[in-house]
Amino acid sequence: MHITAEKIKEAAEALESTELKSFMFQEPTAGPLTRRRRSSRSTGRSRRSTRGTRRSTRRSTRGTRRSTRRSTRGTRRSTRRSTRGTRRSTRRSTRRSTRGTRRSTRGTRRSTRRSTRGTRRSTRRSTRGTRRSTRRSRRSTRRSRRSRRSTRRSRRSTRRSTRRSRRSTRRSRRSTRRSTRRSRRSTRRSTRRSRRSTRRSRRSTRRSRRSTRRS
C-alpha cells in the first residue's frame with residue numbers, strides 16, 4: 001500500500017478531532033510524570049541537605065566533647081598538682097614549726113632546771129616554810145605555762161582553720177568563674193553553628209526552588 005497525501009490529511013484531521021494532538025504537544029512540566037520526577041529530585045536534594053546538616057552537627061558535637069574532655073583533664077591535673085604543692089608546703093611548715101617548738105621547749109626546760117637547782121640549794125639552806133612557798137609558786141608557774149601553751153595552740157589552730165576556709169572559698173570562686181566562662185563559650189559556639197546550619201539549609205532550599213522554577 002502506498003501512502004498518499006489524501007491519507008496523510010485524513011490522519012491529521014483525525015488527530016485534530018481527538019485529544020492526541022493536545023497530549024503530544026503539551027509542555028513537559030504539565031503532566032503528572034514530570035511532577036513526580038521533580039518531587040523525587042527535590043526530595044533527594046532535601047535528603048542530601050539533611051544528611052549534610054546531620055554530619056556537620058555530629059562533627060561539631062564530637063569536637064565539643066573532645067574539647068570538654070581535654071579541658072576537664074587539664075583542670076584535674078592542675079588541681080592535683082596545686083593540692084600536692086599545698087600539702088607539701090603545709091607539711092614542711094608544720095615540721096619546721098614543730099622543730100622550733102621542740103628546741104624552744106628544750107631551752108626553756110634547761111633554763112628551768114638550772115634555776116630550780118639553784119633554788120633547791122637555797123631552799124635547803126633556808127627553812128621548811130620557804131620550801132612550801134617555793135613549791136606552791138612552782139605549781140602556779142607550771143599551770144600558767146600550760147594555760148599559755150593551750151591558748152597559743154588554740155590560736156594557731158583557729159588561724160589555720162581560717163586560712164584553709166579562705167583558700168577553699170577562693171578555689172570555689174575560681175572554679176565557678178571558669179565554669180561560667182566555659183558554659184558561655186560553649187553556648188556561643190553552639191548558637192553560631194546552629195545559625196550557620198540554618199543559613200546553609202535556607203540556601204540549599206532556595207537553590208532547589210530556583211532549579212525547579214528554571215526546569
Side-chain angles (χ1 to χ4, degrees), residues 42-112 141-209:
S42 64
T43 53
R45 288 173 185 174
S46 64
R47 285 176 186 174
R48 288 174 188 173
S49 65
T50 52
R51 286 174 186 173
T53 53
R54 286 177 185 174
R55 287 176 186 173
S56 64
T57 51
R58 286 175 186 173
R59 289 174 185 173
S60 65
T61 51
R62 287 175 186 172
T64 52
R65 287 176 184 173
R66 288 176 185 173
S67 63
T68 51
R69 286 176 185 172
R70 289 175 185 173
S71 63
T72 50
R73 286 175 186 172
T75 52
R76 286 176 184 173
R77 288 176 184 173
S78 64
T79 51
R80 286 176 185 172
R81 288 175 184 173
S82 64
T83 51
R84 285 176 186 173
T86 52
R87 286 176 184 174
R88 287 176 186 173
S89 63
T90 51
R91 285 175 186 173
R92 288 174 185 173
S93 63
T94 51
R95 285 174 186 173
R96 288 174 184 174
S97 63
T98 51
R99 285 175 186 174
T101 52
R102 284 175 186 174
R103 288 175 184 174
S104 63
T105 51
R106 284 175 186 173
T108 53
R109 283 175 186 175
R110 286 175 186 175
S111 63
T112 52
T141 52
R142 284 176 185 174
R143 285 175 184 174
S144 65
R145 283 173 186 172
R146 285 176 185 175
S147 64
R148 286 175 184 175
R149 285 175 186 173
S150 64
T151 52
R152 285 176 184 174
R153 287 175 184 174
S154 64
R155 285 177 184 175
R156 286 175 184 173
S157 64
T158 52
R159 285 176 184 175
R160 286 175 185 173
S161 63
T162 52
R163 285 175 184 174
R164 287 174 184 174
S165 64
R166 286 175 183 175
R167 286 175 184 173
S168 64
T169 51
R170 286 175 184 174
R171 286 175 185 172
S172 64
R173 286 176 183 174
R174 287 176 184 173
S175 63
T176 51
R177 286 175 184 174
R178 287 176 183 173
S179 63
T180 51
R181 286 175 184 174
R182 286 171 186 168
S183 64
R184 286 175 183 175
R185 287 176 184 174
S186 63
T187 50
R188 285 175 184 174
R189 288 176 183 174
S190 63
T191 51
R192 286 175 184 174
R193 287 172 182 172
S194 64
R195 286 175 183 175
R196 287 176 184 174
S197 64
T198 52
R199 285 174 184 175
R200 288 175 183 174
S201 63
R202 286 176 182 176
R203 287 176 184 175
S204 63
T205 52
R206 286 175 183 175
R207 288 175 183 175
S208 63
R209 286 176 183 176

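On a predicted model such as this, the values are computed, not experimentally measured, just so you know.
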Next item on the list: List the steps and the verdict of side-chain contact (heavy atoms from CB on, under 4.5 Å) for Arg145 and Thr112.
Entry: CA-CA 12 Å; Arg145 283 173 186 172; Thr112 52; 3.3 Å; yes
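The shortest heavy-atom contact between Ser71 and Arg182 is O-NH2, 4.3 Å. When every heavy atom of Thr53 is checked against every heavy atom of Thr50, the shortest pair comes out as OG1-O, 2.6 Å. Heavy atoms only, all atoms of each residue included: Ser147 and Ser144 are closest at OG-O, 2.6 Å.
For the atom pair CZ (Arg185) and OG (Ser67), the distance works out to 11.0 Å, reported to the nearest 0.5 Å.
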